[in-house]
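Beneath this line is the structure, given in structure tokens, with notes to follow.
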Amino acid sequence: MTRDIASAEAELLARANKLAGSTLADVAAATGNPVPLDLRKAKGWIGELLECALGATAGSRPVPDFPELGIEMKTLPVGRNGRARESTFVCTATVRGGHTETWENSPVRAKLNRMLWIPVDADPERPLAQRRLGRPFLWSPCAAEESVLRNDWEEIMDMIAIGELAAISSEMGTWLQLRPKAMHGSARTTTFDENGVPTKTLPRGFYLRAAFTNRLLGHG
DNA sequence: ATCTGATCATCT
DNA sequence: AGATGATCAGAT
């Protein structure tokens, strides 16, 4: 890593650190965003608020939030017990088969390679506006962690490559899992079955299990 | 349509 | 209570 990337990364972390302890109402006021009553119809609101506050530039492109730094930012909803309340969406899964994607050049690895995690109070008893941000931290997988993540990814992608998407269960994967990622249950995208015939299927995404993010929170 | 941001709601 | 399966909003 070059020195300017390293310092830009440190500067991003410093800016995120200044937000630690703020309420969502504070951040919303500073960025000129209204706070919704709850997240039922604004599920991504906290993530979008923090992207706005920190100046993420990726938009909805399938690249890390801070492309020039190679950093992916994620909010991490934490319950009163200090543990993650939800899995973490990583990115859409390429479900169209073909064996061109490798772990090394996959979008999953590009995002997991360097992440800025921002814990957020997600106590459902506390009104959204009063929830506070925790202390952000940068993370990259160590060799052992990357090996597990890579194995999960390869098992899933191997099944997709041979047309066995329909047989993939959400229970596959130690830390990475494949789950529906769609507007509703009748959404469809194209995949290829075991005979190579184009077939419609529910779009899927890769998610990190809470068992994984809890390790990052010190609850391994 | 398909990507991003995720949490909700239900089942076990 | 935890995990799976379903769903909601916005950008391109």
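Lettering follows sequence order; numbering is per chain, from 1.
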Report summary line: Ranking A:Ser60 and A:Leu178 by the position along DNA chain C of their nearest nucleotide, the one closer to 5' is A:Leu178
Query - Shortest non-hydrogen separation from A:Val95 to A:Leu165 and the atoms involved - result: CG2-CD2, 3.3 Å
Query raised in the report: Has A:Thr92 got a side-chain N or O lying under 4.0 Å from the OP1 or OP2 atom of B:dT2?
Result: no
Query - Polar side-chain contact A:Lys43-B:dT4 base: donor and acceptor under 3.5 Å - result: no
**Report entry** Test item: A:Lys181 and A:Tyr207 side chains (from C-beta on) under 4.5 Å apart, heavy atoms
**Finding:** yes
Query raised in the report: Do A:Ile71 and A:Pro64 have side chains that get closer than 4.5 Å, going by heavy atoms?
Result: no
Requested in this report: Quick one: label A:Gly44 by what it contacts on the DNA or RNA (base, sugar-phosphate, nothing), any heavy atom closer than 4.0 Å.
Outcome: base
Report summary line: Winner on side-chain proximity to A:Arg40, out of B:dC8, C:dA6, B:dT4, is B:dC8
Report summary line: From CZ of A:Arg204 across to C1' of B:dT4 the rounded distance in Å is 19 Å
Query raised in the report: On DNA chain C, nearest-nucleotide positions of A:Asn81 versus A:Ser169: which is more 5'?
Result: A:Asn81
Report summary line: Nearest-nucleotide check on DNA chain B, A:Thr190 vs A:Arg85; residue mapping nearer the 5' end is A:Thr190
Query raised in the report: Charged N to carboxylate O below 4.0 Å: is that the case for A:Arg80 and A:Asp123?
Result: yes
Report task. Starting from P on C:dA9, measure out to CG on A:Leu39 and report it in whole angstrom. Result -> 12 Å
Query raised in the report: Think A:Gln177 has a side-chain N or O under 4.0 angstrom from the OP1 or OP2 of C:dA3?
Result: no
Requested in this report: Specify the separation, in whole Å, of atom NE2 of A:His219 and atom P of C:dG2.
Outcome: 12 Å
Query raised in the report: Hey, is the side chain of A:Lys41 pairing donor to acceptor with the base of C:dG10 inside 3.5 Å?
Result: no
Query raised in the report: Less than 6.0 Å separating the ring centroids of A:Phe212 and A:Trp117?
Result: no
Query raised in the report: To the nearest angstrom, how far is A:Phe206 atom CZ from C:dG5 atom C1'?
Result: 17 Å
Requested in this report: Using a cut-off of strictly less than 4.0 Å, decide whether A:Arg209 has a side-chain nitrogen or oxygen near OP1 or OP2 of C:dT4.
Outcome: yes
Query raised in the report: Going by an N to O cut-off under 4.0 Å, is there a salt bridge joining A:Glu104 and A:Arg109?
Result: yes
Query raised in the report: So, is A:Thr189 close to the B:dT2 phosphate, meaning a side-chain N or O under 4.0 Å from OP1 or OP2?
Result: yes
Report summary line: Assert: residue with more 5' nearest nucleotide on DNA chain B, out of A:Pro77 and A:Ala93, is A:Ala93
Query raised in the report: Within the structure, does a side-chain N or O atom of A:Lys74 lie under 4.0 Å from either OP1 or OP2 of B:dG5?
Result: yes
Report task. Would you mind classifying the nucleic acid contact of A:Arg188 as base, sugar-phosphate or nothing, using non-hydrogen atoms under 4.0 angstrom? Result -> sugar-phosphate
Query raised in the report: What is the distance, rounded to the nearest whole Å, between atom CE of A:Met115 and atom P of B:dT4?
Result: 12 Å
Query raised in the report: What nucleic acid atoms does A:Ala182 come within less than 4.0 Å of, heavy atoms only: base, sugar-phosphate, or nothing?
Result: base
Query raised in the report: Contact class for A:Pro203 (heavy atom, under 4.0 Å): base, sugar-phosphate, or nothing?
Result: nothing
**Report entry** A:Glu48, nearest nucleotide to its side chain (from C:dA9, C:dT4, C:dT7)
**Finding:** C:dA9
Report task. Using only heavy-atom distances, decide whether a donor-acceptor pair under 3.5 angstrom links the side-chain of A:Tyr207 to the base of C:dA3. Result -> no
Query raised in the report: If you check the A:Glu86 side chain, which of C:dA6, B:dT7, B:dG5 turns out closest?
Result: B:dT7
Query - Nearest non-hydrogen partners of A:Pro136 and A:Ile118, listed with the distance - result: CB-CG1, 4.1 Å
**Report entry** d(CZ, A:Arg179; C1', B:dA9) in whole Å
**Finding:** 12 Å
**Report entry** Length of the line joining A:Met172:CE and C:dG5:P, which is rounded to integer Å
**Finding:** 13 Å
Query raised in the report: Hey, does A:Pro62 reach any base, or is it just sugar-phosphate, or nothing, if we go heavy atoms under 4.0 Å?
Result: sugar-phosphate
Report task. Please state how far atom CG in A:Leu50 lies from atom P in B:dT7, giving the value in whole angstrom units. Result -> 11 Å
Report task. Report yes if at least one side-chain N or O of A:Thr75 is closer than 4.0 Å to OP1 or OP2 of B:dA6; otherwise report no. Result -> yes
